[in-house]
Amino acid sequence: MDYRSQLMASVTDARYRQKDTSDQNFDYMFKLLIIGNSSVGKTSFLFRYADDTFTPAFVSTDTAGQERYRTITTAYYRGAMGFVLMYDITSEDSFNAVQDWATQIKTYSWDNAQVILVGNKCDMEDERIVPVEKGKSLADQLGFDYFEASAKENINVRQVFERLVDIICEKMSESIDSDPSRGTSGRSMRLTDNPPPSQQNCSC
């Protein structure tokens, strides 16, 4: 069986949480965050993934860039196993902010948290400011996987989340291989800041 059918990702962009999972059966639940500057398309990206819907205009849901919310938003980093770090290919400011967001991930999240850099709104090619090569180069520099995506046209949305789960599983397997005492026959767990000493090897 494809392991993706056994995994349930709990996805949040610090303001919106996917459907309640309390009554669903799953082997692993990963906390994933979508972060980036205001108006890069985080909410649209999440709604496209969770509900396969797209709304052209959202009232801004961001608090992350506002200093008065800083102590609240940094708490969201704790326990996150993966991040979608997003910028808008039509906004150089959002691209220039990627390094600062990467620093926040390193500062506030778990050491083994995995990150995918996403250049969103690739459907707006006529308004592109950030070249594909520049995005790839920054991703390589930071050690992140890279995708260009479009929530509007549903380009690479699911692929981003599936790849993020893939690399989380790979790191889990590597960690367990290097420390077999962390393996267990248990079926259900929730990954937090400090994963418990008993983890089942992910069937990646």
(message) With a 4.5 Å cut-off on side-chain heavy atoms, are V115 and L142 touching?
(response) no

(message) Main chain of E133, side chain of S137: is a donor-acceptor contact present, judged purely on distance under 3.5 Å?
(response) no

(request) Provide the closest heavy-atom pair for S94 versus V40 in the form atom of the first, atom of the second, distance. (result) CB-CG1, 3.6 Å

(message) If I compare all heavy atoms of Y146 with all of G119, which pair ends up nearest, and what's the gap?
(response) CE1-N, 4.2 Å

(request) Return the minimal non-hydrogen interatomic distance between A149 and F45, and the atom names on each side. (result) CB-CE1, 3.7 Å

(request) Look at E170 together with R163 and state whether they make a salt bridge at an N to O cut-off of under 4.0 Å. (result) yes

(message) Tell me if the centroids of the rings in F83 and F144 come within less than 6.0 Å of each other.
(response) no

(request) Carefully, step by step, assess N37 and W101 under the rule side-chain contact (heavy atoms from CB on, under 4.5 Å). (result) CA-CA 9 Å; N37 276 18; W101 286 108; 2.8 Å; yes

(message) The test is side-chain contact (heavy atoms from CB on, under 4.5 Å); show your working for V84 and V160 and say whether it passes.
(response) CA-CA 8 Å; V84 175; V160 166; 3.9 Å; yes

(message) For E92, is the CD atom crowded, meaning more than 12 foreign heavy atoms sit under 6.0 Å from it?
(response) no

(request) Please round to the nearest 0.5 Å and tell me the distance separating atom NZ of K134 and atom CD1 of I129. (result) 10.0 Å

(request) Determine, using the 4.5 Å side-chain heavy-atom cutoff (strictly less than), whether M124 and L117 are members of one ILVMFWY cluster. (result) no

(request) Grab the two heavy atoms, one from Y76 and one from K31, that are nearest each other, plus how far apart they are. (result) O-NZ, 2.8 Å

(message) Is there a path of hydrophobic side-chain contacts, each under 4.5 Å between heavy atoms, that joins I155 and L164?
(response) no

(request) Start with the C-alpha gap between F147 and V157, add the side-chain angles, then the distance that decides, and say whether side-chain contact (heavy atoms from CB on, under 4.5 Å) holds. (result) CA-CA 9 Å; F147 284 82; V157 175; over 6 Å; no

(message) With rounding to the nearest 0.5 angstrom, report the CG to CG distance, N120 to D123.
(response) 8.0 Å

(request) Please name the pair of heavy atoms, one in E148 and one in C122, separated by the smallest distance, quoted to 0.1 Å. (result) OE1-CB, 3.8 Å

(message) So, taking the atom named NZ in K121 and the one named OG in S150, what distance separates them when rounded to the nearest 0.5 Å?
(response) 10.0 Å

(request) Report the distance from atom CG of L85 to atom CD1 of I35, rounding to the nearest 0.5 Å. (result) 4.5 Å

(request) State the CZ-CG distance between R48 and L46, to the nearest 0.5 angstrom. (result) 12.0 Å

(request) Give the intermediate values and the outcome of side-chain contact (heavy atoms from CB on, under 4.5 Å) for residues F30 and Q114. (result) CA-CA 11 Å; F30 298 150; Q114 302 302 306; over 6 Å; no

(request) Output yes when K171 and E174 qualify as a salt bridge under the 4.0 Å nitrogen-oxygen rule, no when they do not. (result) yes

(message) Just verifying a value: how many Å separate T43 OG1 and I34 CD1, rounded to the nearest 0.5 Å?
(response) 8.0 Å

(request) Grab the two heavy atoms, one from S91 and one from V130, that are nearest each other, plus how far apart they are. (result) O-CG2, 4.1 Å

